[in-house]
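Heads up: the structure comes next, in structure tokens.
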Amino acid sequence: VTCSLLLDYHSKNGRCTEARKIFDPMTQKGIKPDATTYSILLNGCAKKGDLSGVRGLLDLMVANGIPPTHHVFNIISCAYTKGGMIDEAMHIFDQMRQQGLNPDVVSYGVLIDALCKLGRVDEAMHKFSQMIKEGMTPDVIVFTSLAYGLCSVDKWEQVEEIFYEMLDQGIHPDATFFTTIMCNLCNEGRVMEAQGLIDLMVRVGVRPNVTSFNVLMDGHCLAGRMDEAVKLLDGMVSVGLKPDSFSYNTLLHGYCKAGRIDDAFILFREMLSNEVT
RNA sequence: GCAAGCCCUGGAUCGC
């Protein structure tokens, strides 16, 4: 049983239809897939946005007497939110409770993120306090989603509040958290403040990653300051980070928009001479 | 037997 589990775990990296080709004969041979196996397949469907596939698998697992786990419900909930069906996703909470499962941090995280992305930040904040009331500790991902939502509706003071709240709870902000805020600042043209956040994150012991730099570079590009943006490319290399395709695309786009085609071409050749992921 | 760990789920950036 565990052998076949490993089998389709690996094939998930390719295509989930491939995985299915292993899965179906497996069940025919009387091997009972467990909840983890279903999760893996479900996730494959969910990533493709194949909601009917998701529903089919869920029915199949219930028919086989495998009770859905937190992971299973969370995958389904996430698939709904990504498909714009947030009400369906919220309904998953009820279904979980019917199965005797309490929604966990991830369950809340999925909904909070979805609400924030829709700009329904008040509802997200409500879910947030609800989860705390239920004795759960929000993690850095939940805080990141909230920060994203608050930034995008210009509630900057509240971003600061949740930042301190997070620190109070002993939750360490990570690079993604800071980068999220930086990105929103850049979109408002507040590139200098975003740059200042890099200093803050370093002070609190968080290392900026490639995305942090990419966000800042894009900010400078949008502000028409290509030379600053290029400086950051060198800056990221000098701290040991490897520019990726986002980094180069950002700069190339910036150069082209600025009409500096020659510079774009030089950079393009530089990109080709480096190994870019 | 007990405990712990591992594996499946949620968050950020360009272009199309």
Side-chain angles (χ1 to χ4, degrees), chain A residues 2 5-10 12-13 16 19 33-47 54 57 61 66 68-82 89 92 96 101 103-117 124 127 131 138-149 151-152 166 171 173-187 194 197 201 206 208-222 229 232-233 236 241 243-257 264 271 276:
Chain A
T2 35
L5 201 159
L6 285 171
L7 240 167
D8 68 356
Y9 165 64
H10 285 116
K12 159 210 158 196
N13 295 333
C16 66
D34 64 4
T36 303
T37 312
Y38 281 104
S39 299
I40 293 162
L41 289 175
L42 278 165
N43 199 26
C45 290
K47 285 223 177 82
V54 166
L57 274 168
M61 85 182 281
I66 312 287
T69 59
H70 281 101
H71 278 173
V72 168
F73 280 117
N74 292 340
I75 291 167
I76 296 170
S77 171
C78 185
Y80 278 134
T81 62
K82 295 285 191 294
I92 300 281
M96 289 180 83
L101 293 173
D104 63 8
V105 178
V106 176
S107 318
Y108 273 102
V110 169
L111 286 187
I112 288 172
D113 185 61
L115 288 167
C116 285
K117 293 273 152 64
K127 290 275 172 224
M131 74 186 286
D139 59 13
V140 63
I141 296 186
V142 169
F143 278 106
T144 303
S145 298
L146 282 176
Y148 184 103
C151 287
S152 57
M166 185 163 78
I171 297 155
D174 61 10
T176 301
F177 178 83
F178 283 108
T179 304
T180 300
I181 299 171
M182 283 166 41
C183 180
N184 279 281
L185 285 169
C186 286
N187 289 338
L197 268 186
M201 68 194 281
V206 179
N209 60 22
V210 173
T211 305
S212 317
F213 279 92
N214 288 347
V215 164
L216 273 183
M217 286 195 313
D218 192 44
H220 279 121
C221 287
L222 291 175
L232 282 168
L233 185 74
M236 71 194 280
L241 295 170
D244 61 9
S245 62
F246 284 41
S247 320
Y248 284 105
N249 278 341
T250 301
L251 290 178
L252 288 171
H253 188 242
Y255 271 141
C256 291
K257 226 177 45 178
M271 178 180 95
V276 178

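Below, read A as the first sequence line, B as the second, and so on, with proteins coming before strands; counting in each chain starts at 1.
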List, with names and distances, any nitrogen or oxygen atoms from the protein found under 3.5 Å away from nitrogen or oxygen atoms belonging to nucleotides 14-16 of chain B.
unit_1, atom_1, unit_2, atom_2, d
B:rC14, O4', A:T250, OG1, 3.4
B:rC14, O2, A:N249, ND2, 2.9

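- Following rounding to the nearest Å, A:D139 (CG) and B:rA12 (P) show an atom-to-atom distance of 14 Å.
- Spacing between atom OH of A:Y38 and atom P of B:rU9 amounts to 18 Å, rounded to whole angstrom units.
- Residues A:M201 and A:F177 are not in side-chain contact: their nearest non-hydrogen atoms beyond the backbone lie 4.5 Å or more apart.
- If you check every strand for non-hydrogen atoms under 4.0 Å, A:N209 touches a base.
- Distance CD1 (A:I141) to P (B:rA12): 10 Å, rounded to an integer number of Å.
- Here the straight-line distance linking atom CG of A:N43 with atom CD1 of A:I75 works out to 4.5 Å at 0.5 Å rounding.
- Of the inter-residue distances, the one linking A:K47 atom NZ with A:C78 atom SG reads 9.0 Å to the nearest 0.5 angstrom.
- Here A:F177 lies in heavy-atom contact (under 4.0 Å) with a base.
- Using a 4.0 Å heavy-atom criterion, one finds that A:T180 contacts the sugar-phosphate atoms exclusively.
- Among the atoms of the strands shown, none is found under 4.0 Å from any heavy atom of A:V72.
- As a whole-Å value, the separation of A:K127 NZ from B:rG10 C1' is 15 Å.
- At whole-Å resolution of the value, CG in A:N74 and P in B:rG10 are 9 Å apart.
- The residue A:V210 sits apart from the nucleic acid: no heavy atom pair falls under 4.0 Å.
- In this structure, A:M201 atom CE and B:rU13 atom C1' are separated by 13 Å, rounded to whole Å.
- Side chains of A:N214 and A:T250: no donor on one and acceptor on the other come within 3.5 Å.
- Side-chain nitrogen and oxygen atoms of A:K82 include at least one within less than 4.0 Å of the OP1 or OP2 phosphate oxygen of B:rG11.
- Using a 4.0 Å heavy-atom criterion, one finds that A:D174 contacts the bases of the nucleic acid, with or without backbone contacts as well.
- Remark: the A:T179 side chain and the A:S212 side chain contain an N/O donor-acceptor pair separated by less than 3.5 Å.
- Taking atom CG of A:L111 as the reference point, atom P of B:rG10 lies 14 Å away to the nearest angstrom.
- Between A:P208 and A:F213 there is a side-chain heavy-atom pair separated by less than 4.5 Å.
- For B:rA12, one of the phosphate oxygens OP1 or OP2 lies less than 4.0 angstrom from a side-chain nitrogen or oxygen of A:K117.
- At a threshold of 4.5 Å between non-hydrogen side-chain atoms, the residues A:D113 and A:T81 do not count as touching.
- Looking at heavy atoms from C-beta onward, A:L57 lies in side-chain contact with A:C45 at the 4.5 angstrom threshold.
- Phosphate contact (OP1/OP2 of B:rU9, side-chain N/O of A:N43, threshold under 4.0 Å): present.
- The base of B:rG11 is not paired with the side chain of A:S145 by any donor and acceptor separated by under 3.5 Å.
- In this structure, CE of A:M96 is placed 15 Å from P of B:rU9, rounded to the nearest angstrom.
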